[in-house]
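Quick note: residue numbers are just sequence positions, from 1.
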Amino acid sequence: MTAILRVESRKLVRGTVILTGLLVVLSAFFFVVFPSIQEEAELFEEVYPDYLLTLLGIEELHTIEGFIGGYIFPFIWILLAGIYFAYVCAGMIARDIRTRRMDLTLSNPVSRESVVLQKVAALWVPVVALNVGMMAVLFAGAAALGEPIDLVSLAMVHLLGVPYLLVCAGIGILLSVVVDRVETAQTTALVLVFALWLVDGLSQMNPDFEWIGDITPSRYYDPSAILVREEYALIDATILLVTFLVLVGVAVLAFVRRDI
């Protein structure tokens, strides 16, 4: 009953190791520039246009919490990791259909619902690896700089970030089911996650259009609020989890009815 889960989990190991390694190295480079940014924090905030400060959620840039929440997480977690989850999931079903591997899978006593759910469940590999790797490098980086950081807030910013990544994965798995070509599904997933992130930031610049950002997953995940103000938006995380379940549910229904 879990054969697909085991196979998909093994498939994700190599990509996950590479992604985690790259993001850890990138985070380390960010820490290298923190001392200079800390000294010129006020100048940075004055020079940066308002839309960029809003887009990245930058606040209290002179603190390690503000730096991590406004510099590291917007790029590494919200953008790069979100794109990765959407991109990988967008190929899970579409690739098997394209290569006719899905015919072989479904020739066994396994339901289509189980196929989708087990493939999605294999995301535990990148979720665990990314959280462990990022928490380790962030804690080590802060310690190396002599900047104390609250471990509870650091753990919560990772924990509450998981629902966001799952929504990105849900977008990808839905596209994987409804789009025939693997390349088209993955490209669309990549562009869509980036566009939603961009729309969220830009919509906050104008109160008349701020409501548009309510449809974007990044609106419900604010690393700076968690790290700087210790605001743990559990309701927002719940909304993201429900959205993920809805996306997976729609993907399952579409796959069950699809003629392959």
Would you mind writing out the side-chain donor-acceptor pairs for residues 182-191 within the sub-3.5 Å range, not counting sequence neighbours?
{"from": "Gln186", "atom 1": "OE1", "to": "Tyr87", "atom 2": "OH", "distance (Å)": "3.3"}
{"from": "Gln186", "atom 1": "NE2", "to": "Tyr87", "atom 2": "O", "distance (Å)": "3.3"}
{"from": "Thr187", "atom 1": "OG1", "to": "Glu183", "atom 2": "O", "distance (Å)": "2.8"}
{"from": "Thr188", "atom 1": "OG1", "to": "Thr184", "atom 2": "O", "distance (Å)": "2.6"}

Any chain of hydrophobic side-chain contacts (each under 4.5 Å) joining Val110 to Val120?
yes
According to a hydrophobic-cluster definition based on side-chain heavy atoms being under 4.5 Å apart (Ile, Leu, Val, Met, Phe, Trp, Tyr only), do Leu234 and Tyr221 belong together?
yes
Among all residues two or more places apart in sequence or in another chain, which pass the side-chain contact (heavy atoms from CB on, under 4.5 Å) test with Ile239?
Tyr220, Ile235, Asp236, Thr243
Can you give me the closest heavy-atom contact between Val177 and Ala254, atom names plus distance?
CG1-CB, 3.6 Å
I'd like to check the ring pair (Phe, Tyr, Trp, His ring centres under 6.0 Å) partners of Phe139; sequence neighbours left out, ordered by chain and number.
none
Any donor-acceptor N/O pair, Thr2 side chain to Leu5 backbone, under 3.5 Å
no
Side chain to side chain contact (heavy atoms under 4.5 Å, CB included) between Leu23 and Met134: does it pass, once the steps are laid out?
CA-CA 8 Å; Leu23 297 187; Met134 286 298 297; 4.2 Å; yes
The complete set of salt bridge (charged side-chain N to carboxylate O under 4.0 Å, His left out) pairs with one or both residues in residues 119-145, sequence neighbours excluded, reads Glu8-Lys119, Asp96-Lys119
Do any pairs count as a side chain to side chain donor-acceptor pair (under 3.5 Å) and have a residue in residues 154-168, sequence neighbours left out, and if so which ones?
none
Working to the nearest 0.5 angstrom, can you tell me the gap between Leu175 CG and Ile93 CD1?
12.5 Å
Please report the interatomic distance CD1(Ile171) to SG(Cys89), rounded to the nearest 0.5 Å.
10.5 Å
What side-chain donor-acceptor pairs closer than 3.5 Å can you find for residues 72-84, not counting sequence neighbours?
{"from": "Trp77", "atom 1": "NE1", "to": "Gly161", "atom 2": "O", "distance (Å)": "3.3"}

CD1 (Ile212) and CZ (Arg219) are apart, to the nearest 0.5 Å, by 9.5 Å
Scanning both residues in full, the closest heavy-atom pair of Ala122 with Leu12 reads O-CD1, 3.3 Å
Side-chain heavy-atom pair Leu240, Leu166 within 4.5 angstrom cut-off
no
Sorted by first residue and then second, give each salt bridge (charged side-chain N to carboxylate O under 4.0 Å, His left out) pair with at least one member in residues 151-161; sequence neighbours left out.
none
Can you give me the closest heavy-atom contact between Ala237 and Pro163, atom names plus distance?
O-CB, 3.7 Å
Could you tell me whether the side chain of Glu65 and the main chain of Val228 form a donor-acceptor pair under 3.5 Å?
no
Tell me the closest heavy-atom pair linking Ala155 and Met135, and the distance in Å.
CA-CE, 4.0 Å
List for me each residue that meets side-chain contact (heavy atoms from CB on, under 4.5 Å) alongside Val13, sequence neighbours excluded, and say none if there are none.
Val17, Val125
Hydrophobic cluster identity match, Val167 and Leu253, side-chain contacts under 4.5 Å:
no
Side-chain heavy atoms nearer than 4.5 Å, only ILVMFWY residues, links allowed to pass through others: does that put Leu26 and Ile18 together?
no
Enter the distance from Glu147:CD to Phe34:CZ here, rounded to the nearest 0.5 Å.
4.5 Å
Using atom types as modelled and distance alone, determine if a side-chain donor or acceptor of Ser224 lies under 3.5 Å from a backbone N or O of Gly69.
yes
By the side chain to side chain donor-acceptor pair (under 3.5 Å) test, which pairs, at least two apart or in different chains, include something from residues 13-32?
none
Check the pair Leu192 / Trp197 against side chain to side chain contact (heavy atoms under 4.5 Å, CB included), numbers first and verdict last.
CA-CA 9 Å; Leu192 188 56; Trp197 173 74; over 6 Å; no
For Ser111, does its backbone N or O pair with a side-chain atom of Ser114 as donor and acceptor, under 3.5 Å?
no
Side-chain contact, heavy-atom cut-off 4.5 Å: Leu245 with Leu241?
no
If every non-hydrogen atom of Thr216 is compared with every non-hydrogen atom of Leu196, which pair is closest and at what distance?
CG2-O, 3.3 Å
Can you pull the side chain to side chain donor-acceptor pair (under 3.5 Å) pairs that have at least one residue in residues 124-135, sequence neighbours excluded?
Ser9-Trp124
Please report the closest heavy-atom contact between Leu123 and Ala169, naming both atoms and the distance.
CD1-CB, 3.4 Å
Plane angle bin for Phe67 and Phe31 - parallel if under 30°, tilted between 30 and 60°, otherwise perpendicular:
tilted
Hydrophobic cluster (4.5 angstrom, side-chain heavy atoms) - remaining members for Leu104:
none
Path from Phe29 to Ile68 over hydrophobic side-chain contacts below 4.5 Å:
no
Hey, could you give me each pair passing ring-ring contact (aromatic ring centres under 6.0 Å, His included) that has a residue in residues 239-260? Not counting sequence neighbours.
none
Distance, nearest 0.5 Å, that separates CD1 of Ile173 from CG of Leu117
9.5 Å
Between the CZ atom in Arg112 and the OG1 atom in Thr105, the distance rounded to the nearest 0.5 Å is 11.5 Å
